[in-house]
Visitor: 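Right, I'll just put the structure down here and ask away after.
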Amino acid sequence: MNAVMPNPEAGHLASPASMQALLSRWAEMGWLRDLDVVFARFLAREVPDASPLLLLAAALVSHQLGRGHACLELAATLADPVFVLSLPPGGAVDAGQGHFPPLPARVLAGIALAEWQAALAHPQLVNSGQGDAPLVKIGDRLYLRRYWQYEQDVRAGILRRLEIGAEQDLPIEALRTTLDALFPESLPGLGPDWQKLACALAARSAFSIVTGGPGTGKTTTVVRLLALLQSLALDKPLDARPLRIRLAAPTGKAAARLNESIAGAVDKLPLAGLPNGESLRRSIPVGVTTLHRLLGSRPDTRHFKYHAGNPLALDVLVVDEASMVDLEMMAAVLAALPASARLILLGDKDQLASVEAGSVLGELCARAQDGHYTPATRDWLHSVTGQVIAPGLVDPDGTPLDQGVAMLRHSFRFSAESGIGQLAGAVNAGFPRRVRDVLGCGYGDLAVVSLRNENDPAFRKLVIEGGGGAAGYRNYLEILGKGKPSGDARQADFDLWALKVLEAHGHFQVLCALRLGPWGVEELNLRIARWLHEAGLISAWDGWYCGRPVLVTRNDYGLGLMNGDIGIALELPGADGKVALRVAFPREDGGVKWLLPSRLQAVETVYALTVHKSQGSEFIHVALVLPDTLNPVLTRELIYTGITRAKSRFTLAHAGNVRVLEQAVERRVQRLSGLMADFGVSGS
């Protein structure tokens with residue numbers, strides 16, 4: 001409990017008007033968003049007796065939402081406002097404008113928690129969930145009502161599904177036989193077969209999670225899981241019918257990648273030991289859609305075609321790249337599922353969370369590393385899989401949620417000789433010294449470039465030519481030029497050419513931590529375009545030109561484009577024979593969508609891409625650019641996500657020194673919420 005102390009900024013708490021003026025000044029300094037101030041101003045207008053401390057809390061809860069937090073934690077904010085709010089720590093003076101406004105840390109200093117709690121006891125504006133007050137306070141947490149409701153809906157939807165499908169309802173002998181057929185070979189020296197264990201765990205519950213790092217076999221596991229579920233469904237003595245299964249991902253890029261990998265995994269399914277194996281193979285879908293398309297997005301509204309009153313027609317929904325699914329979307333997905341449908345989430349718990357509010361997968365998997373399987377779960381798993389779980393993963397007090405989470409623990413992509421795997425592991429473990437050691441070990445798939453200035457020749461060469469046998473941007477631009485069909489070629493030939501160019505563009509990607517500044521995406525995109533123009537690889541470096549790669553930054557339901565989709569401007573002959581620019585985007589069905597540049601209202605050049613926007617994508621070669629000083633967005637999760645976008649080669653390009661990387665590795669993303677409150681574990 002904070003002691004009551006004299007507040008040096010008490011004058012700003014004297015009246016609602018003075019607080020609104022202060023909040024406006026904070027917005028001018030970039031410490032708050034205009035939206036945060038407008039929300040507080042709206043409450044003051046609607047309820048004139050709202051106290052300054054209530055208006056302050058309203059602005060800050062809105063501010064926290066903009067930073068991905070579902071709520072404002074009052075005590076934590078008072079204890080360490082700089083860290084919790086990600087705001088400037090000290091004062092400063094502007095020689096031209098006089099003194100800066102007092103910083104939030106100074107205004108909050110001396111406010112007692114009891115005082116702030118009392119100021120929020122205003123039933124018109126704040127309640128505990130009943131009624132329609134715009135703010136909801138649960139203990140120490142303050143929410144915008146809508147996000148409190150999302151949290152309630154997600155928690156309730158998961159808890160309901162955890163109660164469905166107890167193991168006694170499963171045909172144990174059929175389950176054991178099918179699992180043995182799907183996993184005919186053991187993997188010596190790798191410990192328990194967690195892919196087999198994950199399938200068993202997911203079979204006994206209507207809600208399950210399969211988490212694991214790159215190359216741990218999440219796609220292989222889920223395909224075998226779907227084969228298991230279909231086999232059990234078709235073997236029922238009564239009402240045998242194939243399950244209706246849908247596959248989805250948060251973005252078009254993630255959907256396209258899953259579509260490609262799942263088709264290959266289905267082809268490789270070991271079904272020889274099962275009756276009707278080939279018909280079983282045909283019953284597993286390979287088409288993947290985005291969550292927005294699955295739910296039926298409606299332009300200019302947050303609502304979807306499918307919801308609790310009009311549920312989806314399916315029995316099983318698999319959501320890949322679930323770390324990217326924010327709280328609002330997860331609530332929409334759960335609401336649209338039929339009551340008996342299974343939900344299976346796939347994803348890497350250690351990746352960055354969604355840009356929007358919430359870190360649903362990360363929170364649900366917070367205990368996955370240590371298992372927390374009950375003795376009953378351990379014994380049941382052994383009986384159906386023959387696998388032995390280590391004693392350290394058994395917990396008599398394990399929660400129902402723990403019993404539905406499986407973590408894949410062996411990477412088949414990164415061997416002991418892989419620098420990328422070693423570096424990702426060191427970052428994920430939070431060992432900065434180990435990170436430095438790995439970078440200095442001379443691994444063939446790792447490189448480090450020290451950026452001496454903004455036109456560093458080594459970095460320029462890397463971007464254009466690549467390095468270590470891996471491509472730079474010259475690769476896709478040369479394929480664009482050399483492989484272009486003749487003017488009288490068929491449309492199918494142009495489609496094939498476009499797909500080859502799009503694939504080649506995905507061989508290399510510059511990733512950035514920041515948007516602004518000399519090493520942010522905005523300036524780097526301009527700089528790289530100039531370098532490519534000077535090298536004679538593109539005809540212009542601004543505006544529209546052949547070869548320009550673009551990123552969609554906002555969903556466009558009319559065009560069928562989603563935030564994160566990447567296309568490339570190419571020259572395409574029209575019906576009249578005249579050549580004009582069209583932007584080629586890959587379609588989910590493997591084809592190409594051609595669009596006029598003038599129809600694209602929300603796109604930006606994408607030679608450089610933020611790590612956040614890269615989620616759901618993989619590239620042969622990744623160059624991660626870090627700025628010269630530490631920034632609040634530089635965290636362990638961001639670095640890990642950037643590294644693990646690379647399949648074969650990773651280059652660290654740093655403008656300062658490796659110490660910035662090491663400092664980032666020591667910092668973790670913390671998303672504040674109360675999602676875990678009723679799962680038997682503490683919230684974050």
Side-chain angles (χ1 to χ4, degrees), residues 214 249-257 321 323-324 351-356 449 451 459-460 462-464 466 470-473 475-477 501-532 538 541 547-555 561-569 583-586 600 602-627 631 633-635 637-655:
T251 67
K253 187 76 171 179
R257 191 163 65 84
E321 295 290 352
S323 63
M324 300 168 63
Q351 278 192 35
L352 279 170
S354 164
V355 175
E356 306 300 329
V449 174
L451 303 171
F459 184 60
R460 175 173 173 156
L462 170 76
V463 167
I464 297 174
Y473 285 133
N475 178 51
Y476 93 89
L477 290 168
V501 173
L502 287 163
E503 180 189 7
H505 177 265
H507 286 187
F508 175 68
Q509 183 65 58
V510 174
L511 299 182
C512 301
L514 310 177
R515 286 202 61 82
L516 304 177
W519 303 109
V521 293
E522 293 186 4
E523 291 196 28
L524 266 175
N525 273 316
L526 291 172
R527 206 177 309 150
I528 292 171
R530 282 198 295 267
W531 293 345
L532 295 172
I538 55 178
W541 59 271
R548 180 191 178 194
V550 293
L551 174 78
V552 176
T553 59
R554 187 173 65 240
N555 293 342
L561 296 177
M562 295 293 134
N563 187 357
D565 288 351
I566 290 178
I568 297 178
V583 183
F585 289 92
L600 302 175
V603 294
E604 60 186 32
T605 303
V606 70
Y607 296 116
L609 179 66
T610 62
V611 174
H612 267 105
K613 289 286 188 179
S614 75
Q615 287 180 267
S617 301
E618 287 183 343
F619 310 95
I620 303 298
H621 180 195
V622 163
L624 175 62
V625 179
L626 297 184
N631 183 285
V633 306
L634 287 172
T635 62
E637 289 82 357
L638 182 137
I639 302 298
Y640 171 82
T641 302
I643 294 169
T644 54
R645 298 312 87 206
K647 295 179 70 174
S648 300
R649 185 170 179 82
F650 175 78
T651 300
L652 173 69
H654 59 85

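Values in this document were obtained by computation on a predicted structure and should not be read as measured data.
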Visitor: Are the ring centres of Phe619 and Phe508 closer than 6.0 Å?
Guide: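 Phe619 vs Phe508: aromatic centres not under 6.0 Å.
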Visitor: So which of Val552, Val583, Val603 actually passes side chain to side chain contact (heavy atoms under 4.5 Å, CB included) with Leu561?
Guide: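 With Leu561 as partner, Val552, Val583, Val603 yield a single side chain to side chain contact (heavy atoms under 4.5 Å, CB included), made by Val552.
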Visitor: Rounded at 0.5 Å granularity, tell me how far CD1 in Ile528 sits from CZ in Phe459.
Guide: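 Reported value, rounded in 0.5 Å steps: 5.5 Å.
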Visitor: Report the C-alpha distance between Val521 and Tyr607 in whole Å, list the side-chain angles of each, state the deciding distance to 0.1 Å, and finish with yes or no for side chain to side chain contact (heavy atoms under 4.5 Å, CB included).
Guide: CA-CA 8 Å; Val521 293; Tyr607 296 116; over 6 Å; no
Visitor: How many angstroms lie between atom CG of Asn525 and atom CZ of Arg530, to the nearest 0.5 angstrom?
Guide: 11.0 Å
Visitor: Compare all side-chain heavy atoms of Phe585 with those of Ile566 and state whether any distance is below 4.5 angstrom.
Guide: no
Visitor: Which value, rounded to the nearest 0.5 Å, describes the distance between Phe650 atom CZ and Ile620 atom CD1?
Guide: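 Spacing of CZ (Phe650) from CD1 (Ile620) equals 15.5 Å.
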Visitor: Can you give me the closest heavy-atom contact between Pro518 and Arg527, atom names plus distance?
Guide: O-NH2, 2.5 Å
Visitor: Run Thr651 and His621 through side chain to side chain donor-acceptor pair (under 3.5 Å) and show every step you take.
Guide: CA-CA 8 Å; Thr651 300; His621 180 195; 3.0 Å; yes
Visitor: Do Leu451 and Trp519 come close enough that some side-chain heavy atom pair is under 4.5 Å?
Guide: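 A side-chain contact under 4.5 Å exists here.
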Visitor: Locate the shortest heavy-atom distance separating Tyr473 from Tyr476; write the atom from each residue and the value.
Guide: O-CD2, 3.3 Å
Visitor: Locate the shortest heavy-atom distance separating Ala513 from Leu634; write the atom from each residue and the value.
Guide: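 Heavy atoms of Ala513 and Leu634 come nearest at CB-CD2, 3.4 Å.
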Visitor: To the nearest 0.5 Å, tell me how far Leu516 CG sits from Glu523 CD.
Guide: 8.5 Å
Visitor: Could you go through the side chain to side chain contact (heavy atoms under 4.5 Å, CB included) check for Arg649 and Val622 one step at a time?
Guide: CA-CA 7 Å; Arg649 185 170 179 82; Val622 163; over 6 Å; no
Visitor: Salt bridge or not for Arg515 and Glu522, using N-O below 4.0 Å?
Guide: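 Between Glu522 and Arg515 there is a salt bridge, with a charged N closer than 4.0 Å to a carboxylate O.
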Visitor: Verify, without hydrogens or angle tests, whether Thr553 (side chain) and Ala602 (backbone) share a donor-acceptor contact under 3.5 angstrom.
Guide: yes
Visitor: Would you sort out whether Ile464 and Arg460 count as a side chain to side chain contact (heavy atoms under 4.5 Å, CB included), showing the intermediate values?
Guide: CA-CA 6 Å; Ile464 297 174; Arg460 175 173 173 156; 4.1 Å; yes
Visitor: Give me the atom names and distance for the closest heavy-atom approach of Gln351 to Thr641.
Guide: CA-OG1, 3.4 Å
Visitor: Is the positively charged end of Arg548 above the ring of Trp541, judged by distance under 6.0 angstrom from the centroid and angle within 45° of the axis?
Guide: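 Negative - Arg548 is either too far from the ring of Trp541 or too far off its axis.
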Visitor: Could you give the distance from CG (Leu626) to CG (Leu511), rounded to the nearest 0.5 Å?
Guide: 10.5 Å
Visitor: So, do Val510 and Val625 sit near enough that their side-chain heavy atoms are less than 4.5 Å apart?
Guide: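 Yes, side chains in contact.
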Visitor: Could you grab the distance from atom NE2 of His507 to atom CD of Glu618, nearest 0.5 Å is fine?
Guide: 12.5 Å
Visitor: Using the rule given for side chain to side chain contact (heavy atoms under 4.5 Å, CB included), can you reason through Leu524 versus Cys512, listing the C-alpha separation, both sets of side-chain angles and the distance that settles it, and then say yes or no?
Guide: CA-CA 9 Å; Leu524 266 175; Cys512 301; 3.4 Å; yes
Visitor: Provide the closest heavy-atom pair for Ala529 versus Ile538 in the form atom of the first, atom of the second, distance.
Guide: O-CD1, 3.4 Å
